[in-house]
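FYI, side chains are in, hydrogens and waters are out, and symmetry mates aren't considered; it's all heavy atoms of this structure. Letters A, B, ... are given to chains in the order of the sequence lines, protein chains preceding strands, and every chain is numbered from 1.
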Amino acid sequence: MANATSPQLQLEFPDSTVREFEPGTSGADIAAGISRSLAKKSVAYVLNGDLKDLSEPILNSGTIEIVTREDERALELIRHDCAHVLAEAVQALWPDTKVTIGPVIENGFYYDFDRDQPFTPEDLATIEKKMAQIIQQNEPFAKEVWSREKAKEYFAAQGESYKVELVDMIPEGEDVKVYRQGEWLDLCRGPHMPSTGLVGRAFKLMNVAGAYWRGDSDNQMLSRIYGTAWADEKQLKNYLHMLEEAQKRDHRKLGREMDLFHFQEEGPGVVFWHAKGWKVFQNLVNYMRRRIDEHGYDEVNAPQILDKALWQMSGHWDWYRENMFTTVTEDDREFAIKPMNCPGHVQIFKNGLRSYRELPVKMAEFGNVHRYEPSGALHGLMRVRGFTQDDAHVFCTPEQLEAECLRINDLILTTYSDFDFGDIVVKLSTRPEKRVGSDEGWDRAESIMQSVLNKIEADSDGRIKTELNPGEGAFYGPKFEYVLRDAIGRDWQCGTTQVDFALPERFGAFYIDQNSDKQEPVMVHRAICGSMERFIGILIEHFAGHLPLWLSPVQAVVATITSEADPFGEKVAEALRDAGLNVETDFRNEKINYKVREHSLAKVPAIIAVGAREAEEGTVSIRRLGSKHQTSMSLEEAVASLVEEAVPPDVRRKRDAKKAAES
RNA sequence: GCUGUUGUAGCUCAGGGGUAGAGCACCUCAUUGGUAAUGAGGAGGUCGGGAGUUCAAAUCUCCCCAACAGCACCA
């Protein structure tokens, strides 16, 4: 068709100029046509939003942009190329290693290998050296399109059974592509940069780990090597520095330094809360109590241990047995320690007769639950075997469901904002394969929740991102998951709203409607912090230990400079305590430098130093955590400002609203 | 649970087949000092637990436990 009348490509450049090209022109040709320096610097191009190999011929019109190595979009190419170089290096060093996949991930990449002898951390340096050699050789990445048969034959002959499996997974109609780099090649959909040399030197292999083939624990465990790669060494250095900083705010480390809690061998996954940590815990519980009170919940408390029969009825005995702590008494009666609060709450709902007039019934509990989590899952406060859920169950009519979901969303989002969390993702998880209830029921619930999800996003001013998690719902109903991101960039699911079809029916819970008929209520499970333990862990990391004054276990330390000032120091402490603040005194025979250092390390928000001068003038010198400066003010001023700052955000919000209404 | 690594004083860590060492913290004494470590002295562990090899084990081997990094699972 390429003749004199064949249509030219219309390509629009970033500066909005449109130019015509012969179909089949490559990105490299275009870059070369613009300037020699661009041709040299370019590593790929973007056509209509898709990243392409520089050598890829252009067949369609559209917007085009040449991507240089410095471009942010080149970063994923650098990382992906680096993964290929890693794989080549590994096979050069250990030829009997089989390759699998090596994708780009946040901040880097990994590659999974199958090898009898897993890699050791010492191997990483060897591999890095080999990688540097490969990069030095600067072989071009050459794309080839193979037939399915050829690819399978080739990889089978190489003994690369995983690659054969991967070829089979490529959808019909899609090209089977391999990228060659010198002698070595890999099945890959691309794109890549023009040559291995462009990977550069700003890469580092981070660690080795086991990982299951295709993410399934029934499959073979592979040996995974994680790496990071950046455009230049400065970026790499920054990233490594960021990791170090993140480690400093690890809640396990801060928990010890701040004397909040500890773990020990005899109690894997259960927390020993120290006095200060428990104070934080109580401050958090008190906050949540005020919030749920404001939202019309009733707090209840259901038993820790219940007969197996109840858990059989709830379905937990079938679905959740391996995660439950159980105990058999002398008289051979079997009990389970509750892993969830819902069955208990249903019992409370069922006790007595419920009228439609009572609905929605909102039952809350700071429920202490125990779950036998896999040992490898345990992680500080973030993942424990005994924890406290800020749990609640809303029993309502189907008509009330949407409004209740929105009400819960409001409670969750205001709570997160009170704790200064901005990065929130709400995910809607829909019906899983293994499930109870009719498809019509799921249709109805999912459509209600989808509309709630849309409202959540629309009302958030872009603060909330929403996602769909198909097939990830609970077996008894769809759910929303509220996910926060921690200091190290890990995501933690905290809040959740789950619609339950199964439990009311299983327990035969009902209410009496307008016509004196029995009706099954809809049950909504919801948690906001999720686990108080985890939430505190996230708070510690989020604030790097600098908890807001209202949450802080010790809000101020009064430290005297000389013992002469002790009586005045006592007076200051008393005044602060009388005003409701949590205050400690430090009258030890130590220098003020020593005291300041110690309390700063313990993350005390305010150090109030008093010496002879303050005692005489009736003033105090306040040094706030994180600041190197101190301000001097009268004792009265100090008390008033600290008291004001220590007002919890919800109390402040209510107070301000009241004030605004009055004026 | 799976793969790998680690486990020595409260903390951070050194050592390593012949019965343990540092710094900080702790205790005592001296020092009363202006905002991130005053000085001196003292006490403290049998080296995660168990078994084995050995004349001798904290050190080597095996089993178990726990922690850490991932994976899988999950609030």
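- Comparing the same atom, C1', in B:C65 and in B:G50 gives a spacing of 10 Å after rounding to whole Å.
- The gap from the P atom of B:U6 to that of B:G44 amounts to 32 Å, rounded to the nearest Å.
- Comparing B:U46 with B:G18, their C1' atoms sit 14 Å apart, to the nearest whole Å.
- Within 4.0 Å of A:Arg256, counting heavy atoms only, lie sugar-phosphate atoms of the nucleic acid but no base atom.
- Within the 4.0 angstrom heavy-atom criterion, no nucleotide atom of any strand lies near A:Ala527.
- Taking atom C1' on both nucleotides, B:U8 is separated from B:G41 by 26 Å, rounded to a whole Å.
- Across all strands shown, A:Gln264 has no heavy atoms under 4.0 Å from either base or sugar-phosphate atoms.
- In this structure, A:Trp319 atom CH2 and B:C73 atom C1' are separated by 16 Å, rounded to whole Å.
- At whole-Å resolution of the value, CD1 in A:Ile561 and P in B:A36 are 12 Å apart.
- To the nearest angstrom, P of B:U5 lies 19 Å from CE of A:Met206.
- Salt bridge absent: A:Glu244 and A:Lys248 never bring a charged side-chain N and a carboxylate O closer than 4.0 Å.
- Distance check on atom P: B:G23 versus B:A14 gives 16 Å, rounded to whole Å.
- The 5' end of RNA chain B is approached more closely, in terms of each residue's nearest nucleotide, by A:Pro121 than by the other of A:Pro121 and A:Glu481.
- When distances are taken from the side chain of A:Asn207 to each of B:A69, B:G48, B:C71, the shortest belongs to B:A69.
- Across the P atoms, B:A57 and B:G52 are found 11 Å apart, a figure rounded to whole Å.
- Rounded to whole Å, the separation between the C1' atoms of B:G34 and B:A43 comes to 33 Å.
- Residues A:Thr496 and A:Leu601 each lie close to RNA chain B; by heavy-atom proximity, the contact nearer the 5' end of the strand is made by A:Leu601.
- You'll find the ring centres of A:Phe475 and A:Trp319 inside the 6.0 Å limit.
- No donor-acceptor pair under 3.5 Å is formed between the side chain of A:Thr585 and the backbone N or O of A:Phe587.
- Across B:A72 and B:C2, the matching P atoms stand 16 Å from one another, rounded to whole Å.
- B:A75 has A:Phe387 stacked on its base ring, the centres lying under 5.5 angstrom apart and the planes within 30 degrees of parallel.
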